[in-house]
Number of protein chains: 2
Amino acid sequence: MAKDVPTDAPYLRIDQVAARTGLTKRTLRYYEEIGLLAPPARTDGNYRLYSPADVARLERVRELKEALGLTLAEINEMIQTEEERDDIRAAFRATHDPAARQAQLERAEAITRQQIELVERKLHTLASTRDALRERLARYSALRTELAAETSS
Amino acid sequence: MAKDVPTDAPYLRIDQVAARTGLTKRTLRYYEEIGLLAPPARTDGNYRLYSPADVARLERVRELKEALGLTLAEINEMIQTEEERDDIRAAFRATHDPAARQAQLERAEAITRQQIELVERKLHTLASTRDALRERLARYSALRTELAAETSS
DNA sequence: CCAGACGTTTACGTCAACGTAAAGGTTATG
DNA sequence: CATAACCTTTACGTTGACGTAAACGTCTGG
């Protein structure tokens with residue numbers, strides 16, 4: 001059982017990925033099914049093998065889902081453009097045509113700006129929600145003080 | 001048709017509320033059905049009449065749904081405690097028992113603190129998402145500069 | 001070598017959050 | 001006063017995001 005190379009092999013089976021990400025095995029397969037995650041590698045026995053990159057992406061998906069409440073389709077869009085950066089770099093390096101490069105860049109920038117706007121709108125709503133909650137807490141404090149005065153009188 | 005009092009009557013029919021809130025009529029009835037909105041007033045003809053408070057609540061619901069991605073059940077909780085403030089004030093005024101008052105206050109404060117925590121967690125995730133997006137924009141800018149230099153050379 | 005614990009696909013079930021259609025009542029307008 | 005444009009309830013349909021079960025393959029320890 002003891003190998004020189006400790007089993008910190010970067011590739012994980014579905015069960016372990018589920019444990020690490022907090023998602024269920026069903027969910028992992030589902031995400032793959034709908035194209036939210038590219039089909040991971042397989043063993044000879046046809047077991048799925050998730051790379052660290054796969055796991056990272058899955059954690060990212062979960063984050064976006066929980067914190068932003070995005071649908072899986074929206075998450076797909078957002079992550080795709082997140083990773084499209086690499087494609088763009090590739091395309092950028094691939095061509096030496098300045099016009100093509102310019103076009104690539106502009107497209108990428110536009111998408112990114114849109115995403116930032118979306119996120120900032122949500123940030124604002126969240127911030128004002130938080131402020132309202134804090135104000136309420138302050139009111140409670142005031143009442144508490146009032147109560148204390150009354151009690152001690 | 002012309003009345004001295006312009007028809008800025010504060011009570012609206014379902015169609016107008018739908019327009020104002022961006023929700024559908026079906027959704028309005030659904031929210032009422034599941035108790036997310038208290039049954040609004042009715043005309044003699046049994047038409048729903050939404051008060052400004054109703055509309056405000058609906059707008060709040062939509063905000064929480066879109067920006068926070070909360071489920072309707074969660075939204076219900078959050079708004080209920082938002083409005084529970086009034087109940088608490090009432091209960092607070094109703095009793096003169098300092099112990100009871102203290103208990104009310106503590107319960108309310110605990111709930112509010114929980115909600116603040118939730119919101120702040122989401123705020124953090126959102127903020128880091130935004131930062132990542134901004135960094136990407138910066139990289140694009142760098143590439144753009146690089147490109148410009150190349151082009152002009 | 002085989003039992004048990006993992007994995008696989010396939011497929012039907014479920015729950016929230018509505019959409020949509022049917023069958024009818026109300027009200028403003030020509 | 002009839003027709004159109006609203007409204008009502010009731011009820012079944014749909015979509016997203018999975019849960020759950022069946023039937024089967026794979027691998028590991030005793």
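Note on naming: letters A, B, ... go to the chains in the order of the sequence lines (proteins, then strands), and numbering restarts at 1 for each one. What you are looking at is a predicted structure, and each value in this text was computed from that prediction instead of being measured.
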Colleague: Are B:Glu32 and B:Arg29 within salt-bridge range, i.e. N to O under 4.0 Å?
Modeller: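 Answer for the salt bridge query: no.
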Colleague: Kindly state which residues belonging to residues 38-62 of chain B come within less than 4.0 angstrom of DNA chain D, counting heavy atoms of the residue only, listed by number.
Modeller: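 Result for residues 38-62 of chain B: B:Arg42, B:Asn46, B:Tyr47, B:Arg48, sorted by number.
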Colleague: Quick check: closest heavy atoms across B:Pro10 and B:Pro52, and the distance to 0.1 Å?
Modeller: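 Residues B:Pro10 and B:Pro52, closest heavy atoms: O-CD, 3.4 Å.
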Colleague: Counting the atoms with a prime plus P, OP1 and OP2 as sugar-phosphate, which does A:Leu72 contact under 4.0 Å by heavy atoms, base, sugar-phosphate, or nothing?
Modeller: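 Answer is sugar-phosphate: A:Leu72 comes under 4.0 Å of backbone atoms only.
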Colleague: Please tell me if B:Tyr30 has a side-chain N or O lying less than 4.0 Å from either OP1 or OP2 of C:dG19.
Modeller: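 Looking at the OP1 and OP2 atoms of C:dG19, neither is under 4.0 Å from any side-chain N or O of B:Tyr30.
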Colleague: In whole Å, what is the span from the CD atom of A:Glu33 to the P atom of D:dC18?
Modeller: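 To the nearest whole Å, that distance equals 12 Å.
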Colleague: To the nearest angstrom, how far is B:Gln16 atom CD from C:dT27 atom C1'?
Modeller: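 These atoms are roughly 14 Å apart.
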Colleague: Do you know which two heavy atoms are closest between B:Ser141 and A:Glu109, and how far apart they sit?
Modeller: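 B:Ser141 and A:Glu109 have their closest heavy atoms at N-OE2, 4.4 Å.
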Colleague: Can you tell me if B:Asp131 uses its side chain to pair, donor with acceptor, with the backbone of B:Ser128 under 3.5 Å?
Modeller: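 Checked: no pair found.
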Colleague: Can you check the B:Arg13 CZ to D:dT8 P distance for me, whole Å?
Modeller: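 Those two atoms, CZ and P, are 9 Å apart.
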Colleague: For a 4.5 angstrom cut-off between non-hydrogen side-chain atoms, does A:Val17 reach A:Arg48?
Modeller: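 A side-chain contact is absent here, since even the closest heavy-atom pair is not under 4.5 Å.
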Colleague: Does anything in residues 19-28 of chain B come within less than 4.0 Å of DNA chain C? Heavy atoms only, and list the residues if so.
Modeller: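 Within residues 19-28 of chain B, the residues near DNA chain C are B:Thr24, B:Arg26, B:Thr27.
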Colleague: Does any N or O in the side chain of A:Arg57 come within less than 3.5 Å of the main-chain N or O of A:Leu36, such that one atom is a donor and the other an acceptor?
Modeller: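 Looks like yes, one N/O pair under 3.5 Å.
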Colleague: Whole Å only: how far is the CD1 atom of A:Ile14 from the C1' atom of D:dT26?
Modeller: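 Result: 15 Å.
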Colleague: Taking atom C1' of C:dA17 as reference, at what distance in whole Å does atom CG of B:Asn76 sit?
Modeller: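 For the pair B:Asn76 CG and C:dA17 C1', the rounded distance is 14 Å.
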Colleague: Round to the nearest Å and state the distance from A:Leu70 atom CG to D:dG16 atom P.
Modeller: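 So the two atoms are 16 Å apart, to the nearest Å.
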Colleague: Do B:Leu58 and B:Tyr47 belong to the same hydrophobic cluster, where Ile, Leu, Val, Met, Phe, Trp and Tyr are linked whenever their side-chain heavy atoms lie under 4.5 Å apart, directly or via other members?
Modeller: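 B:Leu58 and B:Tyr47: separate clusters.
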Colleague: Nearest to the side chain of A:Arg29, heavy atoms from C-beta on, is which of C:dC6, D:dC7, C:dT9?
Modeller: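 The answer is C:dT9.
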Colleague: Using only atom types and a distance under 3.5 Å, with no angle test, would you say the side chain of B:Gln16 pairs donor to acceptor with the backbone of B:Arg13?
Modeller: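 Yes, the answer is positive, given that a donor and an acceptor are paired below the 3.5 Å cut-off.
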Colleague: Is the shortest side-chain heavy-atom distance between A:Glu77 and A:Leu70 below 4.5 Å?
Modeller: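 Side-chain contact under 4.5 Å: no.
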Colleague: Starting at atom CG of A:Leu37, determine the distance to atom C1' of D:dC18, rounded to an integer number of angstrom.
Modeller: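 So the CG-C1' distance, A:Leu37 to D:dC18, works out to 16 Å.
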Colleague: Once you round it to whole Å, what is the distance between C1' of D:dG16 and CD1 of A:Ile34?
Modeller: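 Checked: the CD1 to C1' distance equals 9 Å.
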